[in-house]
Structures are given as structure tokens and as C-alpha cells.
Amino acid sequence: MRDWRWPPVLGLMVAAEQAVARSLGDMADEAAVDLDVVPNFIEIALYIVGLLIVAVGVFRIKKHFDQPQQVGLGSALITIGVGVGLLLLPTVINAVAETFGATGGGTITRPRL
């Protein structure tokens with residue numbers, strides 16, 4: 001009778017050997033590539049939060065017209081202004097970065113470990 005337990009164990013040993021074969025520098029490079037996604041994530045988050053705040057401001061304006069004594073028009077307009085500011089913030093940051101040459105700078109050399 002054959003023992004079928006060995007092929008999966010050998011496969012795990014080969015996979016473990018391949019995982020150990022990576023150097024610390026390779027792992028640092030992969031982490032740096034993963035961190036390149038963070039600014040895009042922040043930009044998307046600013047757009048979403050800005051849209052939500054503008055929507056809250058629009059609902060406050062509606063509430064002001066329904067009950068003008070309870071909800072002020074100024075607070076609704078300030079809320080919309082903050083939301084629009086958050087919507088425009090990524091564009092302003094990108095424009096300032098391009099103006100001062102922060103986006104087209106030289107390549108960053110990562111140290112090899």
C-alpha cells in the first residue's frame with residue numbers, strides 16, 4: 001500500500017524554500033511599490049468625503065427652507081463650502097506639486113539590503 005501523505009509535504013517544503021529565498025531588499029522593494037498606492041487612496045477618500053459633505057449641505061439647505069428658525073442658512077453654506085474645498089484639494093495639491101517640480105523629480109534609489 002502506498003503512502004500518499006508525502007507529495008503534499010514535499011510541495012510545502014518547496015514553497016517554503018522559495019519564500020525564504022527572497023532577500024530583505026526584495027521585500028523592501030515590494031513594500032515601497034505597495035506604498036505608492038497610498039496617495040491615490042487619499043485622493044479617492046477626499047473625493048468621497050467631499051461629496052458626502054456637499055450632500056449634507058444640500059440637505060441642510062432643504063431643511064432650512066422647511067424650518068428656517070431651526071436651521072440657519074449660513075451653516076448649510078459653510079458645509080457646502082467645506083465639501084467643495086475637499087473636492088478641490090487633490091487638484092490644488094497636484095497643481096502645486098507640478099508647479100514646483102515635485103512630480104517629475106529624479107528617481108528615488110532604494111538601498112539594497
Side-chain angles (χ1 to χ4, degrees):
M1 190 171 227
R2 289 184 99 172
D3 190 10
W4 292 101
R5 290 180 291 179
W6 284 106
V9 172
L10 290 175
L12 288 174
M13 291 173 61
V14 170
E17 182 181 341
Q18 289 174 351
V20 174
R22 292 179 21 197
S23 69
L24 191 57
D26 292 337
M27 289 190 284
D29 286 340
E30 288 178 19
V33 169
D34 290 342
L35 287 178
D36 290 340
V37 179
V38 173
N40 294 334
F41 176 73
I42 292 172
E43 184 176 356
I44 291 169
L46 285 173
Y47 285 134
I48 292 172
V49 170
L51 282 174
L52 290 175
I53 291 177
V54 167
V56 168
V58 169
F59 284 123
R60 281 190 176 183
I61 286 178
K62 183 193 176 300
K63 197 180 234 186
H64 168 73
F65 285 119
D66 291 343
Q67 303 167 352
Q69 274 71 30
Q70 292 182 354
V71 179
L73 183 62
S75 67
L77 293 177
I78 289 173
T79 304
I80 289 176
V82 168
V84 168
L86 286 176
L87 284 172
L88 293 177
L89 190 61
T91 306
V92 171
I93 289 172
N94 289 335
V96 169
E98 287 179 14
T99 300
F100 293 108
T103 57
T107 60
I108 297 173
T109 57
R110 296 184 182 94
R112 298 293 295 181
L113 300 176

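Position 1 is the first residue of the sequence; numbering continues from there. Since this is a predicted model, take the numbers as computed values, not measurements.
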Item to check | Shared hydrophobic cluster for L88 and V49 (ILVMFWY, side-chain gaps under 4.5 Å) | outcome: no

Checklist entry - Are Y47 and I80 connected, step by step, through hydrophobic side chains (Ile, Leu, Val, Met, Phe, Trp, Tyr) whose heavy atoms are closer than 4.5 Å? => result yes

Checklist entry - Transitively linked via ILVMFWY side-chain contacts under 4.5 Å: V84 with L77? => result yes

Checklist entry - Checking side chain to side chain contact (heavy atoms under 4.5 Å, CB included) for the pair K63/D66: CA distance, chi angles, key distance, verdict? => result CA-CA 5 Å; K63 197 180 234 186; D66 291 343; 5.6 Å; no

Next on the checklist: Same cluster or not: V56 versus L46, using hydrophobic residues (I, L, V, M, F, W, Y) connected whenever any side-chain heavy atoms lie under 4.5 Å apart?
Outcome noted: no

Next on the checklist: In this structure, would I44 and L52 fall into the same cluster of hydrophobic residues linked by side-chain contacts under 4.5 Å?
Outcome noted: yes

Checklist outcome for this item: Looking only at heavy atoms, the pair that brings R60 and S75 closest together is NH1-O, 3.8 Å

Checklist entry - For T79 and I53, which heavy atoms make the closest approach, and how far apart are they? => result O-CG2, 3.2 Å

Next on the checklist: Please find the pair of heavy atoms, one from E43 and one from N94, that lie closest to each other, and give the distance.
Outcome noted: OE2-ND2, 4.2 Å

